[in-house]
Structures are given as structure tokens and as C-alpha cells.
Amino acid sequence: MPKIVRHPLVAHVGTMDASLKNEGSQEGGGLSVSIHPIAWARIHAIGDEGFVLEGPGRFLDALRMTKAERAAVWQWAKDEELVRDATVWTVTYEDDELEEIIEFECETEDEAIAEAEEIFDARVASKPSTVATRRLAELCDQDPERLGPQKLPTGFQYDLVLSLWAERHLGDVDGVWWNEKLQPDAYSAPRGVIFGSRLADWTAHAADLSDLQRFQSGRWIRPEALTIR
């Protein structure tokens, strides 16, 4: 059974109007939340206002899933025609600033070679992978006309698929949580997604920058007059 983590108090930076969602948002069809809203505001430059949300707070712990559980989710995605097997071309290089190896995927060898020419000491190789289908894009509020691996790389595909799988199969969770390292300079911080179908179970409080700062430091106080549904 997949592991569950509890976060009954979370924050969202930005609007809750789904029609204004940024293209390529990792929220998919849900709402992105975190316990480090200031870090995420810095990572994505998405403003300094948002909401603090209170709810049941049961999330699938994505990073504690077993290899067998991940494989089952991926097979489900193929059976549901959300992704399909394909060969992609990778560009790999060492980022001196981040001090780590960076890899990204391209759809064709020519595209990968062109990208590698702009990066010092980059390497090009092919590998078996998957690409997203139009069905996955449409279910997750992605642009179905831009489905190449640079638009939806394998890791991004899996995150979107996992949210769909969990919403379909785990009736007692509100969303998915990725307990990633808190390293804003490396574009990383813990994050979660609340399913669109579960948002009605949460209460959202409008929050300005000072509210979000207090929330992140554990000093947020529930307002009495600004509660919205």
C-alpha cells in the first residue's frame, strides 16, 4: 500500500482561477501547494500573493513509493494510452554552477545535436523512453499541440500520470506530495498537488506576502473575516 503523508495546512502562491494557469504548469489538473510558499515564489517568480488552505491533508507520498508500485503506475499509464514507448535523444552535460549532471530529452537526433552545440562538453545519446499522448495532455491541462519530450519530459510525464492514478485509485487522499529537497537555488522545494475533485473539502484564506512569510515560519494565524470557499 502506498505511503501517506499528512499536511492539513498548506499554501498556494498565485491565483486559484484555473483559467489563468501558466502554460506547462506542473499542477496538471489540480492545484499546486507547498509548506514553503516563499521558496516557490522565488523559484518560479509567480508573485507574492496567494492562499493558505486548510483541509483533510492526506497526500500520497510520491518519493516513498516502491519500485514495484511505480512500475504498476507506469503500466497503468500505458494501458490507458496516456504515454507510449518511444526512443528519445538526450543531451547531457555538467552544470558547474549547480555542481550536478543535467540531462534533457529531445525528439530527434538532429534536434539534440543542435542543442548540444550551444553547451560546452555536452554529450548526445539515444535511449528508450516514453512520450506523452494527446489524452494525457488534455486530462492535465497541457497544450496537446506541444507534446515533444522537451515539453513533457519523462519525469514530468510520471508526475502527471501519478496524480491521475492516485485520484482514480486512492479514494481517501486529497492529492500527491513530493518531499523534495529544500534548495531554492537549485529550483527544488517540497511540493504537492490537491486534486481538483477534492478542492471543495478545503477552506482557502487569501494571503499576502506577509501572511505567506508568517505561514512559512509557522506563525500564521487564521483570519476571521477573509475566509473564502
Could you tabulate the donor-acceptor pairs under 3.5 Å formed by side-chain atoms of residues 83-94, not counting sequence neighbours?
residue, atom, partner, partner atom, Å
Asp85, OD1, Lys78, NZ, 2.9
Thr90, OG1, Ala125, O, 3.2
Thr92, OG1, Glu103, OE1, 3.4

(request) Could you tell me the separation between the CG atom of Leu162 and the CG atom of Leu60, rounded to the nearest 0.5 Å? (result) 5.0 Å
(request) Would you check if there is a donor-acceptor pair between the side chains of Ser126 and Glu109 at a distance under 3.5 Å? (result) no
(request) Could you tell me which non-hydrogen atom of Val52 sits nearest to which non-hydrogen atom of Ala207, and how far apart they are? (result) CG2-CB, 4.0 Å
(message) Using 0.5 Å steps for rounding, measure from the CZ atom of Arg168 to the CG atom of Leu164.
(response) 7.5 Å
(message) Looking at every heavy atom in both Pro184 and Arg42, which two are closest together, and how far apart are they?
(response) CB-NH1, 3.9 Å
(request) Would you sort out whether Val33 and Trp177 count as a side-chain contact (heavy atoms from CB on, under 4.5 Å), showing the intermediate values? (result) CA-CA 9 Å; Val33 294; Trp177 194 267; 4.1 Å; yes
(message) Quick check: do Ser32 and His12 have side-chain heavy atoms less than 4.5 Å from each other?
(response) yes
(request) Of all the heavy-atom pairs spanning His169 and Trp76, show the shortest one and how long it is. (result) CE1-NE1, 3.4 Å
(request) Would you mind checking if Arg198 and Glu167 are paired as a salt bridge, meaning a charged N to carboxylate O distance below 4.0 Å? (result) no
(request) Walk me through it: do Thr130 and Thr154 pass the test side-chain contact (heavy atoms from CB on, under 4.5 Å)? (result) CA-CA 6 Å; Thr130 59; Thr154 309; 4.1 Å; yes
(message) Between Ser188 and Glu180 (side chain of the first, backbone of the second, donor and acceptor by atom type, cut-off under 3.5 Å), is there such a pair?
(response) no
(message) For the backbone of Cys140 and the side chain of Gln142, can you confirm whether one donor and one acceptor N or O come within less than 3.5 Å of each other?
(response) yes
(message) Keeping Arg70 on the side-chain end and Met65 on the backbone end, is there a donor-acceptor pair under 3.5 Å?
(response) yes
(request) Kindly indicate whether a cation-pi arrangement holds for Arg191 with Trp178, taking the cut-offs as under 6.0 Å to the six-membered ring centre and within 45° of the axis. (result) yes
(request) Show your reasoning for whether salt bridge (Lys or Arg N to Asp or Glu O under 4.0 Å) applies to Arg135 and Glu80. (result) CA-CA 9 Å; Arg135 174 174 165 78; Glu80 292 290 315; 3.5 Å; yes
(request) Starting at CH2 of Trp40, measure out to CD1 of Ile35 and round the result to the nearest 0.5 Å. (result) 12.0 Å
(message) Out of the candidates Ile194, Val176, Leu139, only one should pair with Ser163 under the side-chain contact (heavy atoms from CB on, under 4.5 Å) rule; please name it.
(response) Val176
(message) If we ignore hydrogens and angles and just use 3.5 Å, is the side chain of Glu118 paired with the main-chain N or O of Glu115 as donor and acceptor?
(response) no
(message) Assess the residue pair Trp165 and Val73 against the criterion (side-chain contact (heavy atoms from CB on, under 4.5 Å)); give the C-alpha distance rounded to whole Å, side-chain angles, the decisive distance to 0.1 Å, and a yes or no.
(response) CA-CA 7 Å; Trp165 177 87; Val73 169; 3.7 Å; yes
(request) Please report the closest heavy-atom contact between Pro56 and Pro8, naming both atoms and the distance. (result) O-CB, 4.1 Å
(message) Are Leu136 and Leu160 packed together at the side-chain level, in the sense that at least one heavy-atom pair is separated by less than 4.5 angstrom?
(response) yes
(message) Students often mix this up, so state it plainly: with edges at 30° and 60°, are the rings of Tyr158 and Trp74 parallel, tilted or perpendicular?
(response) tilted
(request) Indicate yes or no: at least one non-hydrogen side-chain atom of Val10 is less than 4.5 angstrom from one of Trp202. (result) yes
(request) Any chance you could lay out the side-chain contact (heavy atoms from CB on, under 4.5 Å) test for Glu49 and Val13, step after step, and finish with the verdict? (result) CA-CA 6 Å; Glu49 294 185 343; Val13 183; over 6 Å; no
(request) Starting at CG of Asp174, measure out to CZ of Arg6 and round the result to the nearest 0.5 Å. (result) 9.5 Å
(request) Decide whether Tyr187 and Leu182 are clustered together by the hydrophobic rule: side chain heavy atoms of Ile, Leu, Val, Met, Phe, Trp, Tyr closer than 4.5 Å, transitively. (result) no
(message) I'd like to check Leu53 versus His205 (side-chain heavy atoms, cut-off strictly below 4.5 Å). Are they in contact?
(response) no
(request) Search all heavy atoms of Glu111 against all heavy atoms of Glu107 and return the closest pair with its distance. (result) OE1-N, 3.3 Å
(request) Write down the atom of Ala166, the atom of Phe195, and the distance for their closest heavy-atom approach. (result) CB-CZ, 3.7 Å
(request) Would you check, one step at a time, whether the test side chain to side chain donor-acceptor pair (under 3.5 Å) holds for Asp208 with Ser210? (result) CA-CA 6 Å; Asp208 60 18; Ser210 61; 2.8 Å; yes
(request) Hey, could you give me the CG/CZ distance between Leu212 and Phe51, rounded to the nearest 0.5 Å? (result) 10.0 Å
(request) Please round to the nearest 0.5 Å and tell me the distance separating atom CD1 of Ile101 and atom CG of Asp95. (result) 9.0 Å
(request) Answer yes or no: is there a side-chain heavy-atom contact under 4.5 Å between Pro153 and Phe104? (result) no
